[in-house]
Amino acid sequence: AMDSGVARRAIPDWEQYHLELERRVGIDQKLMTRIIGRARQNPQRVVFAEADNYKILKAAQILQDENIAIPILLGNRAIIKQIIRDNYLELHECEIIDIYEETERLERYGNLLYDKRKRKGITAFEGKKMMLDRNYFGAMMVETGEADALISGLTKDYAKTIKPALQVIGVADNVNRVAGMYVIINNKQPYFFSDTTVNDNPTADELVDIIGLTADKVQFFDVEPRIAILSYSNFGSNKGELPDKMIAATQKAKNKYPHLVIDGEMQANIALNPKMLQENYPFSELAETGANTLIFPDLASGNIAYKLVQEIGGAEAIGPILMGMRKPVHVLQLGSSIREIINMVAIAVVEAQTSKTITQENTSV
Ligand code: ACO
């Protein structure tokens with residue numbers, strides 16, 4: 001039967017499959033193993049806005065087989081089916097939504113968007129037209145509770161993909177600005193980098209918000225944040241607009257979050273090297289252990305830093321984890337790998353579980 005052609009159909013060799021999965025999701029990394037384990041306890045519906053793509057479908061297959069998520073595939077039905085067939089994927093049970101077949105939803109979602117944005121210059125006609133964009137449609141599925149989380153961004157630029165989510169879903173209560181974090185894992189421990197994806201040049205006050213969101217997200221991974229506020233100077237060694245901003249952010253953040261370990265401003269190597277801290281800055285709150293959470297002065301430094309450690313440093317980068325949205329949405333980095341997609345979905349599933357619990361608690365009070 002091996003040469004009948006039919007035999008090419010994916011007959012899973014389970015041992016091989018699990019080794020492959022371990023490689024993909026980095027099971028050696030305890031941090032993601034825990035998240036994936038939590039996701040599997042109660043898989044949530046994750047809508048993929050770019051499902052007519054091999055990497056997304058392959059990730060969906062693994063997520064479904066491993067019971068991490070319930071994928072919903074948004075895209076051109078014929079193309080999705082073709083990719084499934086060509087690659088012998090087993091996604092026949094998976095829900096496919098082709099927007100052009102969704103007359104009722106287009107109408108309903110369009111009206112909802114119009115309602116939300118009629119005082120922001122959008123007409124009812126435009127609202128419906130915008131729903132033909134899958135990032136709007138997918139965000140509206142999450143907004144209405146017809147899906148629990150949205151994953152997009154694999155093939156489009158980040159800014160264009162995040163805007164529909166901001167307009168449709170928006171920020172969580174008590175949050176001013178969203179921001180993006182990366183988890184960087186080397187063979188020693190995880191590090192958390194923020195803001196790596198959203199805010200171009202945050203003020204000291206905006207940095208304080210970013211620090212709060214980041215601390216929460218680090219705790220989401222069961223890690224206690226030890227936060228360094230980064231600069232090209234150490235504790236006032238250089239004067240200048242950027243060091244001054246980071247000094248102000250440090251002071252304000254210490255006042256606002258007295259329970260957190262925060263210090264700065266400091267250079268990145270000092271933050272990560274307890275020996276250098278002890279020798280030169282023994283007064284620092286971080287002197288004993290060094291930092292595991294790095295707050296960057298602006299988008300350029302944060303974005304460039306994480307991409308450098310990923311490419312040169314050979315560290316595993318998990319993200320970008322979008323923080324501060326009212327419901328789970330993640331915009332992938334252009335060209336993310338299947339493994340990166342799986343990691344982001346697992347995170348979104350656990351976030352969806354958590355936000356549902358909170359909503360239930362609030363409504364039952
Ligand atoms: N947090 C919360 N809400 C926001 C934020 C934010 N950081 N930024 C904008 N918004 C809101 C706006 O208030 C607005 O709300 P409203 O329309 O209801 O009033 C809505 O989102 C849309 O805002 P716009 O003005 O249309 O968008 P803006 O021009 O502010 O752009 C964006 C927002 C796209 C996030 C912008 O800040 C940006 O381009 N950031 C950089 C993205 C980027 O290029 N990252 C680097 C690459 S990412 C990577 O490498 C993976």
Side-chain angles (χ1 to χ4, degrees), residues 158-159 162-163 166 171-172 174-184 191-219 223-274 276-277 280-287 289-310 317 319-325 331:
Y158 192 86
I162 194 176
K163 262 194 200 190
L166 284 171
V171 298
N174 307 320
V175 169
N176 298 316
R177 307 189 65 71
V178 299
M181 180 178 92
Y182 256 92
V183 186
I184 303 292
Y191 296 94
F192 303 87
F193 285 25
S194 180
D195 172 4
T196 53
T197 53
V198 182
N199 298 283
D200 189 35
N201 188 15
T203 63
D205 287 310
E206 287 168 354
L207 282 167
V208 173
D209 291 341
I210 291 170
I211 293 163
L213 285 175
T214 307
D216 281 350
K217 212 34 128 195
V218 174
Q219 284 161 345
V223 175
E224 257 330 292
R226 302 189 307 274
I227 305 168
I229 313 301
L230 297 187
S231 170
Y232 54 75
S233 55
N234 292 306
F235 302 100
S237 66
N238 301 41
K239 290 279 155 245
E241 204 177 306
L242 190 145
D244 288 349
K245 173 172 92 168
M246 300 318 271
I247 291 171
T250 305
Q251 205 44 59
K252 285 170 187 243
K254 277 174 181 277
N255 291 340
K256 184 158 180 196
Y257 316 113
H259 56 290
L260 291 177
V261 177
I262 304 175
D263 216 344
E265 89 304 9
M266 66 180 85
Q267 297 172 344
N269 61 328
I270 302 287
L272 296 173
N273 190 326
M276 278 212 270
L277 272 166
N280 301 295
Y281 311 101
F283 57 87
S284 169
E285 284 188 42
L286 291 167
T289 48
N292 60 8
T293 304
L294 305 180
I295 303 297
F296 290 87
D298 53 27
L299 183 59
S301 53
N303 190 270
I304 292 170
Y306 99 74
K307 288 184 196 258
L308 285 177
V309 281
Q310 189 177 22
I321 300 168
L322 187 55
M323 307 178 292
M325 296 292 296
V331 177

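- Put simply, the side chain of Phe192 does not reach to within 4.5 Å of the side chain of Ile321, judged on heavy atoms.
- For Ala228, the side-chain contact (heavy atoms from CB on, under 4.5 Å) partners at least two apart in sequence or on another chain are Leu230, Met266, Ala271, Leu286, Ala291, Leu294.
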Quick one: do Tyr257 and Ile227 satisfy side chain to side chain contact (heavy atoms under 4.5 Å, CB included)? Show the steps, please. CA-CA 11 Å; Tyr257 316 113; Ile227 305 168; over 6 Å; no
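- A 4.5 Å side-chain heavy-atom check between Tyr182 and Val309 finds every atom pair outside the cut-off.
- Looking at Ile210 and Arg177, their side chains never come closer than 4.5 Å, going by heavy atoms from C-beta outward.
- No side-chain heavy atom of Glu224 sits less than 4.5 Å from a side-chain heavy atom of Val218.
- Of the inter-residue distances, the one linking Thr250 atom OG1 with Ile262 atom CD1 reads 8.0 Å to the nearest 0.5 angstrom.
- Counting heavy atoms from C-beta outward, Lys245 and Ile229 have side chains that stay 4.5 Å or more apart.
- In this structure Lys254 satisfies the salt bridge (charged side-chain N to carboxylate O under 4.0 Å, His left out) test together with Asp263, Glu285, sequence neighbours excluded.
- No donor-acceptor distance shorter than 3.5 angstrom exists from the side chain of Asn199 to the backbone of Asn201, with no hydrogens or angles considered.
- Looking at residues two or more places apart in sequence or on another chain, you find a side-chain contact (heavy atoms from CB on, under 4.5 Å) between Asp200 and Leu299.
- Closest approach of Leu207 and Pro202 over heavy atoms only: CD2-CG, 3.7 Å.
- Atom CG in Asn269 sits 9.5 Å away from atom CG in Leu277 (nearest 0.5 Å).
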Kindly indicate, with the supporting measurements, whether the criterion ring pair (Phe, Tyr, Trp, His ring centres under 6.0 Å) is fulfilled by Phe193 and Tyr306. CA-CA 7 Å; Phe193 285 25; Tyr306 99 74; 7.8 Å; no
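- Distance check, rounded to the nearest 0.5 Å: CD of Glu265 to CG of Asp244 gives 8.5 Å.
- Residues meeting the side-chain contact (heavy atoms from CB on, under 4.5 Å) test with Asp216, sequence neighbours left out: Gln219.
- Taking both residues in full, the closest heavy atoms of Leu260 and Pro225 are given as CD2-CG, 4.1 Å, listed atom of the first, atom of the second, then distance.
- Applying the side chain to side chain donor-acceptor pair (under 3.5 Å) test to Asn273 and every residue at least two apart in sequence or in another chain returns nothing.
- Atom CG of Asn174 has 12 or fewer heavy atoms from other residues, nucleotides or ligands within 6.0 Å.
- Residues Val175 and Val171 come closest through the heavy atom pair O-CG2, 3.3 Å.
- In this view, Lys252 and Asp205 satisfy the side chain to side chain donor-acceptor pair (under 3.5 Å) rule, not counting sequence neighbours.
- Scored by the side chain to side chain donor-acceptor pair (under 3.5 Å) test, Thr289 finds Arg226 as partners (sequence neighbours excluded).
- Scored by the side-chain contact (heavy atoms from CB on, under 4.5 Å) test, Tyr232 finds Asn238, Leu242, Pro243 as partners (sequence neighbours excluded).
- Atoms CE and OG1, on Met181 and Thr197 in that order, are 10.5 Å from each other to the nearest 0.5 Å.
- Between the Asn303 side chain and the Val198 main chain, no donor and acceptor come within less than 3.5 Å of each other.
- With values rounded to the nearest 0.5 angstrom, Ser194 atom OG is found 3.5 Å from Met323 atom CE.
- Lys163 is linked by a side chain to side chain donor-acceptor pair (under 3.5 Å) to nothing, counting only residues two or more places apart in sequence or in another chain.
- Taking the salt bridge (charged side-chain N to carboxylate O under 4.0 Å, His left out) definition, one finds that Glu206 meets it with nothing, sequence neighbours left out.
- Nearest heavy-atom pair across Val208 and Ala249 is CG2-O, 3.9 Å.
- Listed by chain and number, the residues in a ring pair (Phe, Tyr, Trp, His ring centres under 6.0 Å) with Phe235 are Tyr281, Phe283 (sequence neighbours excluded).
- Residue Phe296 comes nearest to Ser301 through the heavy atom pair CB-OG, 3.7 Å, listed as atom of the first residue, atom of the second, then distance.
- Residue Met246 comes nearest to Pro297 through the heavy atom pair CE-CA, 3.5 Å, listed as atom of the first residue, atom of the second, then distance.
- In this structure, Ile295 CD1 and Thr214 OG1 are separated by 4.0 Å, a value rounded to the nearest 0.5 Å.
- No donor-acceptor distance shorter than 3.5 angstrom exists from the side chain of Ser237 to the backbone of Ser233, with no hydrogens or angles considered.
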